[in-house]
Amino acid sequence: DRDVTGVQTCALPIWVLLRVRVSVLDRPGSLLAMAKAIADLGGNIVDIEVLASADGRVVDDLVIDGPDGLRAQLSTRLAATGADVLNVRPTVQISGQRRDLDLLSRIAATPGDAMASFIALAPSAWSADWAMAAADDEVLHATPGAPKPLPDGMPDPVGPLPRRGTVKLPNDHTLEVVAVTWPGAGADRLYLGRADGPPFLQVELVHLRRVVELAATLASGVISMVTS
């Protein structure tokens with residue numbers, strides 16, 4: 001092809017970054033088999049995070065980069081290796097980036113905006129589609145894509161413990177939601193949501209609770225962090 005100036009051009013392939021949650025047998029060779037299947041599609045595993053292990057199986061989050069067409073065949077190819085593909089979704093996060101520390105650093109620098117900062121950065125820290133802060137039924141802060149008004153069936157946290165749940169939407173889609181109490185002033189709870197999954201795992205709930213506690217402590221001025 002040539003552009004309007006007559007210079008020959010070529011179309012560059014579109015590359016995507018995907019977060020793939022899989023359940024695999026906890027045995028040698030499982031990861032190698034998945035890596036080969038992904039490589040055969042032109043992709044590459046750039047990050048892996050072990051989320052849970054029970055009953056001889058492991059739940060992993062794989063971050064994969066590859067050509068745009070990879071997603072259409074990915075689930076079938078991974079299933080052929082014995083993996084159960086639980087969810088495939090676009091992502092911008094690699095686990096080693098530690099977005100939770102970025103979140104806490106921002107709150108330490110501007111504690112007066114703690115709640116707004118938490119909501120703005122929480123989706124990337126927990127691979128969610130949206131986040132919001134609410135008091136009673138009023139939405140105080142929300143990222144784009146958060147449902148307004150609050151749909152029926154949202155989970156309620158139990159004291160400081162996060163509560164997860166599945167919210168059914170009228171369009172036959174679902175939201176996987178986790179709710180956690182905000183210990184500071186203002187909102188009484190925070191929500192994180194994923195459209196059509198995957199569900200939040202226990203390890204993610206524990207992580208969320210701890211980061212929320214630290215964020216509220218920084219916001220109260222009890223402790224401080226040195227930021228550059």
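No experiment lies behind these values; they were computed from the predicted model shown.
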Task: Remaining members of hydrophobic cluster (4.5 Å side-chain criterion), V203 - done: L51, V59, L86, L201
- [ ] Could you list who else is in V206's hydrophobic cluster, with ILVMFWY side chains joined at under 4.5 Å, directly or through other members?
- [x] none
Using every non-hydrogen atom in the two residues, find where [X] and [Y] come nearest and quote the distance to one decimal.
| X | Y | answer |
| --- | --- | --- |
| L25 | S30 | O-OG, 2.9 Å |
| R89 | A195 | NH1-O, 4.0 Å |
| V167 | G153 | CG2-O, 3.6 Å |
| V63 | L17 | CG1-CD1, 3.6 Å |
| A131 | A122 | CB-CB, 4.3 Å |
| F200 | A128 | CZ-CB, 4.5 Å |

Cluster question for you: counting only ILVMFWY and a side-chain heavy-atom cut-off of under 4.5 Å, with indirect links fine, are [X] and [Y] together?
| X | Y | answer |
| --- | --- | --- |
| L208 | L190 | yes |
| V180 | V177 | no |
| I119 | W130 | no |
| L41 | V16 | yes |
| L140 | M154 | no |

TODO: Kindly write out the residues that satisfy side chain to side chain contact (heavy atoms under 4.5 Å, CB included) with N171, not counting sequence neighbours, or none if the list is empty.
DONE: L169, H173
Task: side chain to side chain contact (heavy atoms under 4.5 Å, CB included) involving D156 - partner list, sequence neighbours excluded - done: R189, Y191
Residues forming a side-chain hydrogen bond (donor to acceptor under 3.5 Å, both in side chains) with [X], sequence neighbours excluded:
| X | answer |
| --- | --- |
| S23 | R57 |
| T110 | none |
| K36 | D40 |
| D172 | none |

Task: Summary of salt bridge (charged side-chain N to carboxylate O under 4.0 Å, His left out) pairs that have at least one residue in residues 109-118, sequence neighbours excluded - done: none
Open item on the list: Going by salt bridge (charged side-chain N to carboxylate O under 4.0 Å, His left out), name the pairs with one or both residues in residues 20-31, residues two or more places apart or in two chains.
Closed with: R21-D61, R21-E204
Could you tell me the separation between the [atom1] atom of [X] and the [atom2] atom of [Y], rounded to the nearest 0.5 Å?
| X | Y | atom1 | atom2 | result |
| --- | --- | --- | --- | --- |
| K148 | E138 | NZ | CD | 11.0 Å |
| L218 | F118 | CG | CZ | 11.5 Å |
| N87 | R194 | CG | CZ | 8.0 Å |
| L62 | R19 | CG | CZ | 9.5 Å |

Open item on the list: Set out, in order, the CA-CA distance, both residues' side-chain angles and the distance that settles side-chain contact (heavy atoms from CB on, under 4.5 Å) for R209 and L205, then state yes or no.
Closed with: CA-CA 6 Å; R209 176 187 177 185; L205 301 188; over 6 Å; no
TODO: Could you list all the side chain to side chain donor-acceptor pair (under 3.5 Å) pairs where at least one residue sits in residues 160-169, not counting sequence neighbours?
DONE: T166-E176
Open item on the list: Does any part of the side chain of V58, heavy atoms only, come nearer than 4.5 Å to the side chain of S53, both counted from C-beta?
Closed with: yes
Task: Non-hydrogen side-chain atoms of V212 and P183 separated by less than 4.5 Å - done: yes
Task: The single option from V178, L121, V211 passing side-chain contact (heavy atoms from CB on, under 4.5 Å) against W126 - done: V211
Can you give the donor-acceptor pairs under 3.5 Å from side chains of residues 64-82 to other protein atoms, not counting sequence neighbours?
residue : atom : partner : partner atom : Å
R71     : NH2  : V88     : O            : 3.0
T81     : OG1  : L78     : O            : 2.6

Task: Criterion side-chain contact (heavy atoms from CB on, under 4.5 Å) on I45 and L31, from CA distance to verdict - done: CA-CA 10 Å; I45 298 175; L31 180 59; 4.1 Å; yes
